[in-house]
Amino acid sequence: MRSGRNVVNAEPPAIAPTLGAGMPRVAIIGSCITRDLWPIRGDGADGLAYVSRTSLPSLVSEPLLGFRPAKQPPAGLNGYQHSAMVADLEKTALARLVAFRPTHLIFDLIDERFDLLSVGRSIVTESWELEASGYLEQKAFGGARRVPRLSAACDRLWTRAAGEVAALIRATPLAEARLILHVSRWAHEVRDGSGLRAPLTNVAIMEGRPAEIAEHNSLLAGYEATLLDLMPHMERLDAPALRIADAEHRWGLSPFHFIPEYYAEIWRQLEALGVPRPIAGPVAPSVPAA
């Protein structure tokens, strides 16, 4: 929590995707809630690849012309935060996912909360990481125009992009993956360490950008309906009764950092879809995840 608000941009350390022989290969687009299921084991999680800090319109857009990333992460960003943000600007994530050839592809739309920037022929995600990086001062961002997340213009961009992603899946090895929608919503309540529950209020996307939980939940419901309509068959992960924010969550209080029971139930559903729970370590959020 910062400055009295529950700021929802915190990102934990990274784990690099690795492959475990004979194990399912799980890819996540969107990442945050789903990614928190996996514990760190050594320097990675077997058979896991994920794309975060992006939006479907950015994911399918052209690279940002003239952008030059630094060799080392700018001050205030860790390696994963920097690489995820650079991937959003250089548009490398989809090729990486296709090359990974996942057996399961999970869509988790919780990162679909940031505004977008229209820059020339490119759409990029206006994430906290981008603002903190200092890259917005580069000439590549000259003339950038904000597309508010809750605007009709953003809705149109998102719907078109969802259609492009669906077409890509049908035309690439991603068609071989089992498609899964992890139903994403912001929690309305928070539970403290003593078990007491209270309304979750005063949330913000980033410092100085307050957000209404109901508005973003309505947005996510619409996005998910669009995705289900456009995609090949998708399985669903959903545990609405357990969607309660955890005041003791390792990554801090957030509308989508949930109580341990939520992750346990989602793991039960994932196991039924052929994704085994990691043997070592407890279920997140009590251990680091990328």
Side-chain angles (χ1 to χ4, degrees), residues 24-37 48-61 93-94 97-98 100-114 116 123 125 147 149-188 211-243 255-256 258 262-263 265-275:
R25 299 181 305 279
V26 180
I28 309 167
I29 295 178
S31 174
C32 182
I33 299 174
T34 310
R35 177 217 54 218
D36 280 351
L37 293 161
L48 177 66
Y50 56 90
V51 177
S52 65
R53 286 304 188 262
T54 192
S55 176
L56 294 195
S58 180
L59 199 62
V60 301
S61 174
L94 283 178
L97 285 179
V98 172
F100 185 68
R101 298 184 73 100
T103 59
H104 299 71
L105 176 57
I106 304 175
F107 285 80
D108 171 352
L109 303 183
I110 203 64
D111 266 3
E112 300 281 2
R113 61 187 186 271
F114 299 101
L116 304 177
I123 299 292
T125 306
V147 183
R149 173 58 67 172
L150 298 176
S151 68
C154 192
D155 284 346
R156 290 191 294 270
L157 287 171
W158 202 93
T159 300
R160 286 199 296 269
E164 291 185 45
V165 172
L168 177 82
I169 287 173
R170 290 184 170 95
T172 67
L174 295 177
E176 301 169 8
R178 193 168 194 173
L179 302 183
I180 302 171
L181 174 65
H182 188 169
V183 176
S184 301
R185 298 290 186 276
W186 296 24
H188 289 277
E212 293 293 333
I213 292 173
E215 288 183 329
H216 281 269
N217 280 347
S218 177
L219 182 76
L220 287 169
Y223 282 171
E224 290 170 356
T226 297
L227 208 60
L228 289 168
D229 185 54
L230 292 172
M231 290 284 181
H233 175 72
M234 302 185 81
E235 308 286 354
R236 288 164 59 98
L237 304 174
D238 197 7
L242 298 172
R243 204 177 288 128
F256 36 81
F258 299 138
Y262 177 90
Y263 301 100
E265 170 57 22
I266 295 300
W267 262 123
R268 186 191 67 77
Q269 296 177 29
L270 267 176
E271 287 178 310
L273 296 175
V275 180

Criterion side chain to side chain contact (heavy atoms under 4.5 Å, CB included) on L242 and Y263, from CA distance to verdict: CA-CA 9 Å; L242 298 172; Y263 301 100; over 6 Å; no
Stepwise side chain to side chain contact (heavy atoms under 4.5 Å, CB included) test for L237 and L181: CA-CA 6 Å; L237 304 174; L181 174 65; over 6 Å; no
Side chain to side chain donor-acceptor pair (under 3.5 Å) evaluation trace for S52 with D111: CA-CA 7 Å; S52 65; D111 266 3; 4.6 Å; no
Verdict with reasoning, D108 to F256, per side chain to side chain contact (heavy atoms under 4.5 Å, CB included): CA-CA 11 Å; D108 171 352; F256 36 81; over 6 Å; no
Residues N217, H188; criterion side chain to side chain contact (heavy atoms under 4.5 Å, CB included); working and verdict: CA-CA 10 Å; N217 280 347; H188 289 277; 3.5 Å; yes
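Taking 4.5 Å as the limit, some side-chain heavy atom of Y262 sits within range of a side-chain heavy atom of I33. Side-chain contact between E112 and R149: present, with at least one pair of heavy atoms (C-beta onward) separated by less than 4.5 Å. Side-chain contact check for M234 versus L227: some heavy-atom pair is nearer than 4.5 Å. In this structure, I110 and H182 have side chains that are not in contact, with every pair of non-hydrogen atoms separated by 4.5 Å or more. Residues I29 and Y50 are not in side-chain contact: their nearest non-hydrogen atoms beyond the backbone lie 4.5 Å or more apart. Within the 4.5 Å cutoff, side-chain heavy atoms of L179 are placed close to those of P232. Between P102 and L97 the shortest side-chain heavy-atom distance does not fall below 4.5 Å. Annotation: side chain of L59 is in contact with side chain of L94 (closest heavy-atom distance under 4.5 Å).
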Which pairs would a plain distance check flag for residues 162-174, meaning a side-chain donor or acceptor within less than 3.5 Å of a matching protein atom at least two apart in sequence or in another chain?
from	atom 1	to	atom 2	distance (Å)
R170	NH1	L230	O	3.2
R170	NH2	L230	O	3.2
T172	OG1	L168	O	2.9
T172	OG1	L174	N	3.2

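S218 contributes no side-chain N or O that, together with a main-chain N or O of A214, makes up a donor-acceptor pair within less than 3.5 Å. Using a distance-only test at 3.5 Å, with no hydrogens or angles considered, no donor-acceptor pair links the side chain of S151 to the main chain of V147. In this structure a side-chain-to-backbone donor-acceptor pair under 3.5 Å is missing from H216 to L150. A donor-acceptor distance shorter than 3.5 angstrom exists from the side chain of S61 to the backbone of I123, with no hydrogens or angles considered.
In this structure, T226 OG1 and L109 CG are separated by 10.0 Å, a value rounded to the nearest 0.5 Å. Expressed to the nearest 0.5 Å, how far CD of Q269 lies from CG of D238 amounts to 7.0 Å. Between the CD1 atom of I180 and the CZ atom of F107 there is a distance of 11.0 Å, given to the nearest 0.5 Å.
A side chain to side chain contact (heavy atoms under 4.5 Å, CB included) with H104 holds for exactly one of V275, L270, I28; it is V275.
Between R268 and E265 there is a salt bridge, with a side-chain nitrogen of the basic residue lying less than 4.0 Å from a carboxylate oxygen of the acidic one.
S55 and R113 share no donor-acceptor pair across their side chains, judged by distance under 3.5 Å alone.
Judged as a salt bridge (charged side-chain N to carboxylate O under 4.0 Å, His left out), the pairs with a partner in residues 212-235 (not counting sequence neighbours) are, in order, R178-E235, R185-E224.
Closest approach of S58 and T125 over heavy atoms only: CB-OG1, 3.7 Å. The minimum heavy-atom distance between G274 and P24, with the atom names listed, is O-CG, 3.3 Å.
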